[in-house]
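Here the structure is a predicted model, which is why all the values come from computation and not from measurement.
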Amino acid sequence: MILNLTSDSIFLIFGFLGYVIGRWGDNHLNFLMRDPWWTPHHWIYGFLLMIISFYFFHEFWLQIFSFGLGLFVSDLKDFLHFRILGSDKKIKENVKFWHID
């Protein structure tokens with residue numbers, strides 16, 4: 001029971017951290033980089049982290065997987081439209097932090 005509570009807490013903490021970093025990257029890093037057309041959307045990084053967590057990170061697979069899941073969820077809308085590369089064409093004044101984009 002204690003082990004499950006700990007692993008659940010780790011999953012939620014790293015997932016939330018991945019989500020927050022994904023939102024920060026989507027809302028602030030894109031503007032700092034001037035929203036280039038050649039950058040991949042960050043759902044790809046989250047998806048790759050989830051996949052490789054099982055193969056390469058045997059001791060920390062739960063942390064890596066949940067961080068990747070947080071990144072993936074923070075850019076879920078682009079995944080559903082299967083946007084791989086490209087600019088988001090966001091206007092800085094209309095950006096919302098706490099939502100799934």
Side-chain angles (χ1 to χ4, degrees):
M1 182 75 165
I2 294 174
L3 181 62
N4 289 339
L5 180 62
T6 304
S7 61
D8 291 345
S9 300
I10 288 171
F11 184 81
L12 291 174
I13 289 168
F14 278 87
F16 182 71
L17 186 64
Y19 178 80
V20 168
I21 289 174
R23 295 307 308 149
W24 179 83
D26 199 36
N27 291 331
H28 299 289
L29 189 60
N30 277 348
F31 291 115
L32 291 173
M33 294 175 57
R34 296 193 177 110
D35 205 15
W37 64 269
W38 51 267
T39 56
H41 288 275
H42 63 275
W43 69 264
I44 295 170
Y45 301 123
F47 184 75
L48 290 175
L49 280 174
M50 288 189 299
I51 298 299
I52 67 170
S53 69
F54 295 114
Y55 296 109
F56 298 110
F57 301 104
H58 299 291
E59 288 185 35
F60 303 107
W61 75 269
L62 181 65
Q63 292 91 335
I64 303 297
F65 180 84
S66 60
F67 184 83
L69 182 64
L71 277 176
F72 184 81
V73 169
S74 71
D75 204 21
L76 189 60
K77 186 176 177 184
D78 287 337
F79 168 73
L80 293 175
H81 292 123
F82 204 64
R83 295 182 186 135
I84 297 173
L85 293 175
S87 167
D88 284 330
K89 296 181 178 69
K90 291 183 180 179
I91 300 169
K92 195 170 190 170
E93 292 78 27
N94 295 340
V95 170
K96 297 175 187 170
F97 191 84
W98 295 109
H99 75 292
I100 296 172
D101 185 31

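Atom CG of residue Leu71 and atom CH2 of residue Trp43 lie 12.5 Å apart, to the nearest 0.5 angstrom. Atom CH2 of Trp24 and atom OG of Ser74 lie 12.5 Å apart (nearest 0.5 Å). Note that the CG atom of Leu69 and the CZ atom of Phe16 stand 14.0 Å from one another [nearest 0.5 Å]. Between the CG atom of Leu17 and the CG atom of Leu12 there is a distance of 12.5 Å, given to the nearest 0.5 Å. Taken from CZ in Phe54 to CG in Leu62, the straight-line distance is 9.0 Å, to the nearest 0.5 Å. Rounding to the nearest 0.5 Å gives a distance of 13.0 Å between CH2 of Trp61 and OH of Tyr55.
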Worksheet entry | Phe72 and Tyr45: CA distance, side-chain angles, deciding distance, side chain to side chain contact (heavy atoms under 4.5 Å, CB included) verdict | CA-CA 7 Å; Phe72 184 81; Tyr45 301 123; over 6 Å; no
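Here the side chain of Arg83 pairs no donor or acceptor atom with the backbone of His41 at under 3.5 angstrom.
Side-chain contact check for Phe65 versus Leu49: every heavy-atom pair is 4.5 Å or farther apart. Taking the side chain as every heavy atom from C-beta outward, Phe67 and Gln63 never approach each other to under 4.5 Å.
Not counting sequence neighbours, the partners of Phe56 by the side chain to side chain contact (heavy atoms under 4.5 Å, CB included) test are Ile52.
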